[in-house]
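Note that the structure is a prediction, hence the values are computed from the model and not measured. Start at 1 and go down the list; that is how both ligands and their atoms are numbered.
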Amino acid sequence: MAPSAAFRLLSVSGCLLLLCGTSWASNGTVPLVIWHGMGDSCCNPLSMGAIKKMVEQEVSGIYVLSLMIGKSVFEDTENGFLMDVNKQVSFVCDQLAKDPKLKEGYNAMGFSQGAQFLRAVAQRCPDPPMRNLISVGGQHQGVYGLPRCPGESSHICDWIRKQLNSGAYTDAVQKHLVQAQYWHDPLNDDLYKKYSLFLADINQERVVNETYKKNLMSLNKFVMVKFLQDSIVDPVDSEWFGFYKAGQAEELETLQESPIYKEDRLGLAAMDSAGKLVFLASEGDHLQFTREWFNENLLSYLL
Ligand SMILES: *[C@@H]1O[C@H](CO)[C@@H](O)[C@H](O)[C@H]1NC(C)=O
Ligand SMILES: *[C@@H]1O[C@H](CO)[C@@H](O)[C@H](O)[C@H]1NC(C)=O
């Protein structure tokens, strides 16, 4: 038997034993979809471009799709501030459904706000199936402050703060400012629940959508990375799905102490019992990690 035929036979039986029925691509790799954070874009060679390249080096043959929201890198960056998040999520769902390379399933890795947006994709768009969701500094209970957004002297950050202070839950601000859609004001919990167009919806604050619950629970793993010296996200606990207790802005509660978990409105308690939630901590500021840390802690979820 020629070596190539032997190899083919081996991979066919390997397929029967191990791969068939799972969502692995024919060459054994699971595609990866990544979604960048605020102020960033799909293709910056210093951020998402570098992550894509690193993953391609570590996992030979992998297909990595770095999402571009809009028609150009410029639009992509701008949309990260100004495009209605629900529309961004629909845009991505369409794109993923049309990509033949993803039809057997994919892993997803979101950076900062891109992480909560990818969670919405998992909850709303089960086809193609997401396997592991890796949230890198995502804010699953939103933010109540952007202390160093993303640079201290940036005009856009001042403008964002002004909008949020003028009325984060007014229709005009909700519809036109991305960060307002995950603004979570614990002093105005009722307003947040009623008017937050994105976060309160995906966190089931108004109704429990059983579809959201079922879809999230079908993830293999939901990995959340928190940056211990994060100076951009307030409160940092949101990166592990914790937040301020409602009614004040000092005392924090963990995911496990919160109503969303205790009432299991989103299936997170069930996922926790099933060992599907992974909480990782990284030393350093927002999105700062080394390749060694990445390989040691996250790489195994991409295989
Ligand atoms: C592996 O499969 C994926 C998905 O079909 C494809 O994009 C990628 O190019 C393949 N890699 C190799 C080395 O054949
Ligand atoms: C629940 O979510 C699904 C998927 O996004 C949606 O089609 C449906 O309309 C939602 N149901 C309710 C009651 O919001």
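- From Cys42, atom SG reaches atom CG of Asp76 across 4.5 Å, with rounding to the nearest 0.5 Å.
- Among protein heavy atoms, the minimum distance from atom 11 (N) of ligand 2 is reached at Asn209 ND2, 2.8 Å.
- Screening Val225, Asp230, Leu280 for a side chain to side chain contact (heavy atoms under 4.5 Å, CB included) involving Glu239 leaves a single residue, Asp230.
- Under the salt bridge (charged side-chain N to carboxylate O under 4.0 Å, His left out) rule, Lys245 has a single partner from Glu250, Glu253, Glu251, which is Glu251.
- For ligand 2, the polar-atom distance check against Tyr212 finds no nitrogen or oxygen pair separated by under 3.5 Å.
- Distances from atom 14 (O) of ligand 2 to the protein include at least one heavy-atom value under 4.0 Å.
- Protein heavy atoms are found less than 4.0 angstrom from atom 2 (O) of ligand 2.
- For Tyr195, the OH atom sits in a loose shell: 12 or fewer heavy atoms of surrounding residues, nucleotides or ligands are nearer than 6.0 Å.
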